[in-house]
Amino acid sequence: MDRIKQIVPSDKAAYSAAKSQWDSIAKPLGSFGLLEEMIQSIAAVQRTADVDISVRKAIVMCGDHGVVSEGVTQCGKEVTAECAKAIAEGRSNINAVAAAFNTEVIAADVGIAADVDCGRLIRRKAVYGTKNLAVGAAMTAKECEAAIVTGMDMIKELSLRGTKIIVTGEMGIGNTTSTAAISSVLLGLPPEQVTGRGAGLSAEGLQRKINVVKRAIEVNKPDKNKPFELLSKLGGAEIAAMTGLFLGGAYYRVPVIIDGVISAAAAAIACGMNPLCREYMLASHCSGEPAAEGLLAYCGLKAPINAGLRLGEGTGGVLLLPLLDGALALYKNSHRFDETNIERYAELT
């Protein structure tokens, strides 16, 4: 965990060099909007204006939640193991989407309640499912730390193998309840404003979920200014492992893409643990879940996709990659002012 304190700012000189390259293109200044800023941010992370995202991975962290026993989900916790196996074997939603954009998918068991018979599922288990956060802390400090370290170590391994950009994903039945509790505390909002229907709940089910979030906060008394403690009390192993991905991205200088609301909660926790982390993150989309916009704002980020996505697994995060590919095609290959008779645009004040 000492690595968290050793995170340094991204390279502002590379950011400026990338902006200069954008401004040299024969087009109105800033006319590719947020995508220009994202390419500049990646340049700052990679310490060069020669941005490269050719080797990309999606990491799906998987874990179970004890709070499922409170009836806050439409299906049982056994679905986590089934979906984790499908992802590892290349049969799930994220695999279909990622394949379209040349992205390898990696699934890791960091907290599934049972051992899964699947040779392709990476086993980094920090806990056999979390405890019920409505009656006490979801994880011990040791379990939470183990999951965070797993995420950081996976970034290290992938970085050493030449990975240039990483998408975060998750699979964990019950994790939108955990996310709602974290969001309520971090954003200072009542549970009613940050709790959504997740994978699908009736009005009665949603109210039950809101009540469980309230109980979790009352019982655990989390402090928003102590992000690690907040995570251990209200989080899940897969949320903690994604927090490690964001922290690891900052330490090992690899840009990491936020997926939906659960990934955004992990990103927000990482920012709480070290605010410099936000310089190494990219927001992909604003989830249809109610806490999503607030969590991204907490991280100081904007998402270019606003399509009501809430599938999870990293599917929305992967959709950012073709937008970045398109931006890079313009950034690297379009004609320049000094190659044409087009007068350079003046920056407006």
Side-chain angles (χ1 to χ4, degrees), residues 4 7 9-10 34 37-38 41 44-45 61 133 138 144 148 151 166-170 175-196 198 210 213-214 216-217 220-236 238-251 255-306 308-310 312 314 316-317 320:
I4 297 171
I7 292 168
S10 60
L34 183 55
E37 295 176 28
M38 287 188 158
S41 293
V45 172
M61 298 297 192
L133 56 83
C144 187
I148 290 173
I166 287 170
V167 178
T168 54
E170 44 63 39
N175 59 15
T176 59
T177 301
S178 179
T179 294
I182 291 170
S183 301
S184 179
V185 176
L186 275 185
L187 303 179
L189 295 172
E192 291 87 347
Q193 290 186 31
V194 295
T195 307
I210 290 169
V213 171
K214 288 180 178 179
I217 294 171
N220 286 289
K221 297 178 174 55
D223 184 343
K224 70 177 181 180
N225 297 311
K226 297 179 180 179
F228 177 82
E229 180 183 295
L230 169 62
L231 180 60
S232 63
K233 287 182 174 180
L234 301 180
E238 82 283 26
I239 298 175
M242 284 194 297
T243 299
L245 293 178
F246 291 114
L247 292 165
Y251 182 80
V256 180
I257 296 174
I258 301 170
D259 180 35
V261 69
I262 301 154
S263 177
I269 291 287
C271 287
M273 294 178 75
N274 190 324
L276 289 173
C277 282
R278 61 174 48 93
E279 297 182 16
Y280 297 80
M281 300 174 181
L282 300 168
S284 59
H285 71 102
C286 189
S287 165
E289 284 286 299
E293 187 174 359
L295 289 170
L296 291 180
Y298 183 93
C299 296
L301 299 171
K302 294 180 181 178
I305 303 171
N306 194 342
L309 306 178
R310 51 184 182 85
L320 179 63

List for me each residue that meets side chain to side chain donor-acceptor pair (under 3.5 Å) alongside Thr168, sequence neighbours excluded, and say none if there are none.
Ser263
Should [X] and [Y] count as side-chain neighbours, where that means a heavy-atom distance under 4.5 Å?
X: Thr177; Y: Val213; answer: yes
X: Ser183; Y: Leu189; answer: no
X: Ile269; Y: Ile239; answer: no
X: Met38; Y: Leu320; answer: yes
X: Phe246; Y: Ile258; answer: yes

Measure the spacing between [atom1] of [X] and [atom2] of [Y] and express it to the nearest 0.5 Å.
X: Thr243; Y: Glu238; atom1: OG1; atom2: CD; value: 10.0 Å
X: Met281; Y: Ser41; atom1: CE; atom2: OG; value: 12.0 Å
X: Ser287; Y: Asn306; atom1: OG; atom2: CG; value: 9.5 Å
X: Ile262; Y: Glu170; atom1: CD1; atom2: CD; value: 3.5 Å
X: Asn274; Y: Ile4; atom1: CG; atom2: CD1; value: 8.0 Å
X: Asp259; Y: Met242; atom1: CG; atom2: CE; value: 8.0 Å

Sole residue of Val194, Leu234, Thr179 in side chain to side chain contact (heavy atoms under 4.5 Å, CB included) with Ser184
Val194
Evaluate Met61 against Leu245 for side chain to side chain contact (heavy atoms under 4.5 Å, CB included), listing each step before the verdict.
CA-CA 10 Å; Met61 298 297 192; Leu245 293 178; 3.8 Å; yes
Does a sphere of radius 6.0 Å around CZ in Arg278 hold more than 12 heavy atoms from other residues, nucleotides or ligands, not counting ones at 6.0 Å or beyond?
yes
More than 12 heavy atoms of other residues, nucleotides or ligands under 6.0 Å from NZ of Lys214: is that the case?
yes
List the atom of [X], the atom of [Y], and the distance in Å for their closest heavy-atom pair.
X: Gly317; Y: Ile257; answer: O-CG2, 3.8 Å
X: Ile7; Y: Cys277; answer: CD1-SG, 3.9 Å
X: Gly236; Y: Ser178; answer: N-OG, 3.8 Å
X: Gly249; Y: Tyr280; answer: O-CD2, 3.7 Å

Distance-only check: which donor-acceptor pairs under 3.5 Å involve side-chain atoms of residues 288-299, not counting sequence neighbours?
unit_1 : atom_1 : unit_2 : atom_2 : d
Glu289 : OE2    : Gly198 : N      : 3.2

Without swapping roles, check the side chain of Asn220 against the backbone of Leu133 for a donor-acceptor pair under 3.5 Å.
yes
